[in-house]
Protein chains: 2
Amino acid sequence: MGSEGLSRKERERLRQREEILNAALQLFSLKGYENVTMQEVAQRAEYAVGTIYNIFENKKELYKALLLEHCQRFHERVVSTLDSAKDEMTALKDYLKAKLEIFTQNISLIRLYIKETQGARFNPKAGMEEEIRELYNSFLSKLASVFESGIKKGIFRNRFRPRDLAVALDSLTTALLFEWVEDPENNPYPGDQDYMLSFLLESVLERGGNNVSH
Amino acid sequence: MGSEGLSRKERERLRQREEILNAALQLFSLKGYENVTMQEVAQRAEYAVGTIYNIFENKKELYKALLLEHCQRFHERVVSTLDSAKDEMTALKDYLKAKLEIFTQNISLIRLYIKETQGARFNPKAGMEEEIRELYNSFLSKLASVFESGIKKGIFRNRFRPRDLAVALDSLTTALLFEWVEDPENNPYPGDQDYMLSFLLESVLERGGNNVSH
DNA sequence: TCATATGTTGAACCATTGTTCATTAAATGA
DNA sequence: TCATTTAATGAACAATGGTTCAACATATGA
């Protein structure tokens with residue numbers, strides 16, 4: 001995307017950039033930021049260290065670019081899914097479908113992303129993490145607003161806060177998808193398209209069993 | 001616990017150890033493992049670097065000890081809660097109560113713990129992370145078995161896999177608690193003891209609304 | 001009290017690694 | 001073709017920080 005109207009030189013630069021980012025992705029997601037050296041990135045990308053420094057300011061900037069660009073891609077994809085759905089229920093279903101695809105196709109990146117968003121909240125050095133968390137927050141608000149309008153229309157009960165519903169659905173599905181994608185031998189994807197959603201939409205309780213409120 | 005029958009020397013050593021671990025905890029949870037120097041730990045603990053090396057093999061071992069000991073504490077607490085409950089429903093309720101307490105009292109450590117368990121799965125350098133993940137897995141199995149026996153007794157529906165239920169409940173509550181504890185101004189704990197559990201036990205759907213299965 | 005053992009200290013060492021830049025190679029176009 | 005600009009290279013530099021250990025302090029008990 002977006003490489004029209006560029007000179008050959010510029011396209012060449014962009015290709016290099018991609019190659020370096022790809023090499024970096026593989027290493028970072030495998031070993032973590034601090035355990036990867038620039039020499040390693042250079043070697044895997046088949047460039048000299050100096051070449052990398054011609055394109056990226058420094059190691060931190062390389063990492064930021066890598067993470068941010070992919071996160072923006074995911075974000076765009078998921079948010080546009082939520083926006084273009086014809087009603088609240090299909091919004092949720094389409095979101096989960098998109099998320100499943102993103103997970104299966106980008107698992108090593110997802111691992112990096114989760115580390116950033118889950119592990120480092122309120123980390124004072126912030127920086128890029130701030131930007132990523134902002135992306136995540138804007139997505140959560142979108143998802144919350146789907147629940148909110150669903151509640152207004154009488155599709156969803158008024159029992160739960162919209163934001164809590166968003167947090168609950170997103171965390172629950174992230175955890176389940178992680179399990180299924182990371183270890184499909186023992187924890188296969190159960191096939192059923194609506195399985196994840198039904199954790200919230202159907203009660204776990206057997207009808208006639210004790211209710212939660214004493 | 002477990003400091004009976006020790007000589008004065010040994011008790012002294014243990015006290016030092018605790019002081020160093022406490023200093024390390026504050027720094028690691030604030031800045032992350034790689035951004036903390038041994039000099040800093042020494043300074044905060046009010047010992048010389050050399051003294052730390054008399055007690056801990058090296059930096060990695062210090063970190064391992066710190067994380068593992070607290071994780072074992074949490075694990076023990078939660079698992080014993082699950083074990084001693086009189087039935088499945090109270091097991092779940094007691095587990096959530098214990099978890100809420102652990103979160104509010106140990107938030108900085110929880111952040112570290114989450115980083116370990118969520119971010120670093122399948123990281124080849126493993127080591128301690130392996131042990132921690134094993135603790136987490138054994139807890140998950142316990143929680144899954146609560147659901148399993150609940151299903152057998154007819155308290156819970158047979159729709160969901162026990163392990164998926166465990167993963168869903170644990171991830172959902174971790175995410176919600178995180179939100180509430182990290183930012184109580186905007187996301188206060190909603191007070192209701194059964195709020196978290198009811199995400200699974202009650203349907204989000206308004207009765208009469210569309211069901212998920214078309 | 002004093003000789004010995006035990007514990008503490010932190011400056012110095014050294015391995016690691018992010019970054020630079022003089023050198024070499026390639027592209028350009030006259 | 002060849003002078004000049006532009007880009008690529010990787011050895012060397014410098015800073016960081018984990019670890020060591022000789023010197024110092026304290027405790028022990030004869």
Side-chain angles (χ1 to χ4, degrees), chain A residues 3 6-67 112 123-125 127-129, chain B residues 3 6-67 112 123-125 127-129:
Chain A
S3 55
L6 298 178
S7 67
R8 182 169 62 73
K9 281 275 173 66
E10 287 170 321
R11 271 180 285 132
E12 181 69 12
R13 259 289 142 106
L14 227 60
R15 206 180 43 73
Q16 280 190 341
R17 206 184 129 94
E18 287 311 309
E19 282 176 356
I20 293 167
L21 284 174
N22 268 332
L25 169 59
Q26 301 191 15
L27 291 168
F28 284 142
S29 61
L30 193 68
K31 310 174 32 165
Y33 177 76
E34 320 271 353
N35 297 308
V36 172
T37 69
M38 291 300 269
Q39 336 280 331
E40 280 180 283
V41 176
Q43 193 159 19
R44 160 131 354 184
E46 293 178 87
Y47 286 103
V49 232
T51 308
I52 296 182
Y53 277 89
N54 281 341
I55 297 178
F56 298 97
E57 194 75 19
N58 53 39
K59 191 185 176 188
K60 192 104 217 162
E61 287 301 315
L62 167 62
Y63 187 59
K64 278 167 77 164
L66 168 61
L67 217 49
L112 258 192
N123 192 326
K125 64 191 168 84
M128 140 211 49
E129 294 131 36
Chain B
S3 54
L6 298 178
S7 67
R8 182 169 62 73
K9 282 274 173 65
E10 287 170 320
R11 271 179 286 131
E12 181 69 12
R13 258 290 141 106
L14 227 59
R15 206 179 43 73
Q16 281 191 338
R17 206 184 128 94
E18 287 310 311
E19 283 175 355
I20 292 166
L21 284 173
N22 268 331
L25 170 58
Q26 300 190 17
L27 290 168
F28 283 143
S29 61
L30 194 67
K31 308 173 35 165
Y33 177 76
E34 319 273 354
N35 298 307
V36 172
T37 69
M38 291 300 270
Q39 336 280 331
E40 281 180 284
V41 176
Q43 194 159 18
R44 160 133 351 187
E46 293 177 86
Y47 287 103
V49 234
T51 308
I52 298 182
Y53 278 90
N54 281 341
I55 298 178
F56 298 97
E57 195 75 20
N58 53 39
K59 190 184 176 189
K60 192 106 216 160
E61 287 300 315
L62 167 62
Y63 186 60
K64 278 167 78 164
L66 168 62
L67 218 51
L112 259 191
N123 192 325
K125 63 193 168 88
M128 140 212 48
E129 294 133 34

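Chain A is the first sequence line, chain B the second, and so forth, proteins listed ahead of strands; every chain is numbered from 1.
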[N] [atom2] sits how many Å from [X] [atom1], rounded?
X: B:Lys9; N: D:dG29; atom1: NZ; atom2: C1'; value: 12 Å
X: A:Tyr53; N: D:dA11; atom1: OH; atom2: C1'; value: 15 Å
X: A:Glu34; N: D:dG18; atom1: CD; atom2: C1'; value: 15 Å
X: A:Tyr47; N: C:dT24; atom1: OH; atom2: P; value: 23 Å
X: A:Glu46; N: D:dA8; atom1: CD; atom2: P; value: 15 Å
X: A:Glu19; N: D:dA8; atom1: CD; atom2: P; value: 12 Å
X: B:Lys31; N: D:dG17; atom1: NZ; atom2: C1'; value: 12 Å
X: B:Gln39; N: D:dT16; atom1: CD; atom2: P; value: 12 Å

Just distance, no hydrogens or angles: give the donor-acceptor pairs under 3.5 Å from side chains in residues 42-53 of chain A, sequence neighbours left out.
from	atom 1	to	atom 2	distance (Å)
A:Arg44	NH1	A:Gln26	OE1	2.5
A:Tyr47	OH	A:Glu19	OE1	2.8

Pairing of A:Glu12 and A:Arg15 as salt bridge, 4.0 angstrom limit: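 Salt bridge flag = yes for A:Arg15 with A:Glu12.
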How would you label the contact of B:Val41 with the nucleic acid (heavy atoms, under 4.0 Å): base, sugar-phosphate, or nothing?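 B:Val41: no heavy atom of the nucleic acid under 4.0 Å.
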Under 4.0 angstrom, heavy atoms only, what part of the nucleic acid is A:Glu40 near: base, sugar-phosphate, or nothing?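 No contact.
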Any [X] side-chain N or O less than 4.0 Å from OP1/OP2 of [N]:
X: B:Gln43; N: C:dG10; result: no
X: A:Arg8; N: C:dT28; result: yes
X: A:Arg13; N: D:dT6; result: no
X: A:Thr37; N: C:dT17; result: no

For DNA chain C, whose closest nucleotide is more 5', that of A:Glu57 or that of B:Ala48?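 Looking at DNA chain C, the more 5' nearest nucleotide goes with B:Ala48.
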Side chain of A:Met38: nearest nucleotide among C:dT19, C:dG7, D:dA8?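 Closest of the options to the side chain of A:Met38: C:dT19.
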Could you work out which one of C:dT28, C:dT8, C:dT19 sits closest to the side chain of B:Asn54?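 So the nucleotide nearest the side chain must be C:dT8.
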So, is the end of the B:Lys64 side chain (NZ or CZ) under 6.0 Å from the ring centre of B:Phe56 and within 45° of the ring's axis?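 Cation-pi check for B:Lys64 and B:Phe56: fails.
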State, yes or no, whether a side-chain contact exists between B:Glu34 and A:Asn35 at a heavy-atom distance under 4.5 Å.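 They are in side-chain contact.
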Value rounded to 0.5 Å, distance of CZ in B:Arg17 from CZ in B:Arg13: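 These two atoms lie 10.5 Å from each other.
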